[in-house]
Amino acid sequence: MNRLVERTINFFKKLKTTEKSTALLQTKADCLAVEMPVSLVYNGISHAVMMCSPEDLEDFALGFSLTEGIIDKPSDIYGIDVVDVCNGIEVQIELSSRKFMALKSHRRNLTGRTGCGICGTEQLNQVYKNFPKLDRTFEFNINLLDDCFSALQKNQILGKQTGATHAAAFFDPSGNMLVIREDVGRHVALDKLLGWYANANKPQGFLLVSSRASYEMVQKTISCGIEILVAISAATNLAVDMAEAHDLTLIGFAREGKGNVYCGKERLILR
């Protein structure tokens, strides 16, 4: 499945003269990110429909299953098949009998807009999930972060082609990028990365995301045991509250040479 399409579009460009500005309508080819419905089907029963970019869907299925609490570990899934269907894609996931019975006991049926992970939650207590506090297993030299930004921008291939996607990247404690995942939805990009993370035996390191640090982005990070989340945009108050409660290092408005450290500065080397 193609992740972008090329279309002919009209665009206008304002040309300035000494007397006045004139907008001219011209034609050019433009690359558009593909966005399509992806249905997550567990043991033959459709559980959620998300609007996604049609790549790395095995990672997405695993990451979504982990961060939603449907499974505890990758081995709870026996198989994943990605199948093209009319107007979309089905990701068919074979769960262990024990996990499938647990899933049926508190069904969640959502049709998400772009990357929305909360829409359709049936009860408020499904939103707030309790996790243990995170361990402190490493420190990160914050002076390396500028190079991490450069690596993120360099490797956002779909984003550079379309300007329409978010990215989530994972870096080791020395600032080396291990993987990047892109999607039209920020939650989906993070789930894709967290699926990779689980299959890679949870290497030590931190997350850098191209979006804001919302409550659910923080919750997904904590649920997988990752200790540092760096976001290019803002954090919400609920995200900061949850990060503080679970000892997550949370950085927002991260740009070259600066950023807001909301909590968890103990993991950061500032010299």
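Just so it is clear, the structure is predicted and the values come from calculations on it, not from any experiment.
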Short side-chain to backbone donor-acceptor contact, [X] and [Y], under 3.5 Å:
| X | Y | result |
| --- | --- | --- |
| Asp247 | Lys133 | no |
| Lys160 | Lys154 | yes |
| Asn176 | Asp172 | no |
| Glu182 | Thr165 | no |
| Asp76 | Lys73 | yes |
| Asp183 | Ser53 | yes |

Give a yes/no verdict on a cation-pi contact between Lys258 and Phe253, requiring under 6.0 Å between NZ or CZ and the six-membered ring centre and an angle within 45° of the axis. no
Would you say the side-chain atoms of [X] and [Y] include a donor-acceptor pair closer than 3.5 Å?
| X | Y | answer |
| --- | --- | --- |
| His166 | Ser210 | yes |
| Ser46 | Ser39 | yes |
| Thr67 | Gln219 | no |
| Ser65 | Tyr42 | yes |
| Gln204 | Thr137 | yes |

Are the side chains of [X] and [Y] in touch, meaning some heavy atoms are under 4.5 Å apart?
| X | Y | value |
| --- | --- | --- |
| Phe171 | Leu208 | yes |
| Cys148 | Phe206 | yes |
| Glu68 | Lys220 | yes |
| Met242 | Tyr215 | yes |
| Val218 | Leu248 | yes |
| Ile9 | Thr27 | no |
| Leu207 | Ile228 | no |
| Phe170 | Pro203 | yes |

Check Arg267 with Glu227, please: is the shortest side-chain N to carboxylate O separation under 4.0 Å? yes
Indicate yes or no: does Arg7 engage Asp30 in a salt bridge with an N to O separation below 4.0 Å. no
Minimal heavy-atom distance between Gly175 and Leu144, with the atoms involved, is N-CD1, 4.4 Å
Shortest non-hydrogen contact from Lys13 toward Gln26: CB-OE1, 4.3 Å
Walk me through it: do Asp56 and Lys192 pass the test salt bridge (Lys or Arg N to Asp or Glu O under 4.0 Å)? CA-CA 7 Å; Asp56 302 310; Lys192 287 178 176 181; 5.1 Å; no
Aromatic ring pairing Phe64/His47, orientation class (parallel under 30°, perpendicular over 60°, tilted between): perpendicular
